[in-house]
Amino acid sequence: EAGVTQSPTHLIKTRGQQVTLRCSPISGHTSVYWYQQALGLGLQFLLWYDEGEERNRGNFPPRFSGRQFPNYSSELNVNALELEDSALYLCASSLFNQPQHFGDGTRLSIL
Amino acid sequence: AQSVTQLDSQVPVFEEAPVELRCNYSSSVSVYLFWYVQYPNQGLQLLLKYLSGSTLVKGINGFEAEFNKSQTSFHLRKPSVHISDTAEYFCAVRVIQGAQKLVFGQGTRLTINP
């Protein structure tokens, strides 16, 4: 069974640019979650999507947004990139109310 | 709100020695508890989970954890570690009803010395 896949694995952007990260969940999973792992800040919850709807949002500014497609894959969009957005972005998927399984992440570097 | 405290940021141990990684949590409602492991340049892998039932939970790679409700703790143990256990370990909680987000501790870096 294929795990959670994320693309790209690495990304380098400059301040003010926009970025889109992609996530494909484990087959059959309807929930997708996004987390940010930044140096010194630990793992922080960003967004939760289930059945195409945004269900919960973490304490991040509106320039962080996303969506979930009918095939349950998901995108995370970050606008107006700032230096502090440099982090590993992790996607996880699960069946509703079941343990979350993580991908290997996208490492975003802002210059 | 929930919070998780991992009491040790770094734990060095010798190969084949036992290890305990400590985790305490705070929550006003019932929670599920998890331990995840992160190897270098990888995502998180689920080690074990406590959802209900027996308070002693066994996971992958020989790890186990014990849920102690009165002490709000969920410590991770392994009787004999290997070099390959070198990684960062994260304790996490999630409320049983409502938002599905995981709240993580700050992580414990386990270093195994030969």
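Residue numbers start from 1 in every chain, and the chains themselves are labelled A, B, ... in the order their sequence lines are given, proteins ahead of strands.
The pair B:R77-B:E20 meets the salt-bridge criterion, with a side-chain N (NZ, NE, NH1 or NH2) lying under 4.0 Å from an Asp/Glu carboxylate O. Between A:D85 and A:K13 there is no salt bridge, since no side-chain N of the basic residue sits under 4.0 Å from a carboxylate O of the acidic one.
Both the backbone and the side chain of A:N97 have a heavy atom closer than 4.5 Å to some heavy atom of chain B. Proximity to chain B (any heavy atom under 4.5 Å) is shown, for A:L47, by neither the backbone nor the side chain. Contact annotation for B:K101: both backbone and side-chain heavy atoms come within less than 4.5 Å of a heavy atom of chain A. Looking at A:Y35, only its side chain comes within 4.5 Å of chain B, counting heavy atoms on both sides. Of the atoms belonging to A:L90, it is side-chain heavy atoms, and not backbone ones, that fall under 4.5 Å from chain B. At a 4.5 Å heavy-atom cutoff, the contact between B:Q106 and chain A is made by side-chain atoms alone. The contact between B:Q38 and chain A is made entirely by side chain atoms (from C-beta outward), counting heavy-atom distances below 4.5 Å. With a threshold of 4.5 angstrom between heavy atoms, A:Q37 approaches chain B through side-chain atoms but not through N, CA, C or O.
Residue-environment remark: CD (A:E84) exceeds the threshold of 12 foreign heavy atoms within 6.0 Å.
Between B:I60 and B:L46 the shortest heavy-atom distance is CD1-O, 3.6 Å.
Within the 4.5 Å cutoff, the side chain of A:C23 has heavy atoms near those of the A:V4 side chain.
Under the ring-ring contact (aromatic ring centres under 6.0 Å, His included) test applied with B:Y89, the options B:Y39, B:Y36, B:F63, B:W35 reduce to a single match, B:F63.
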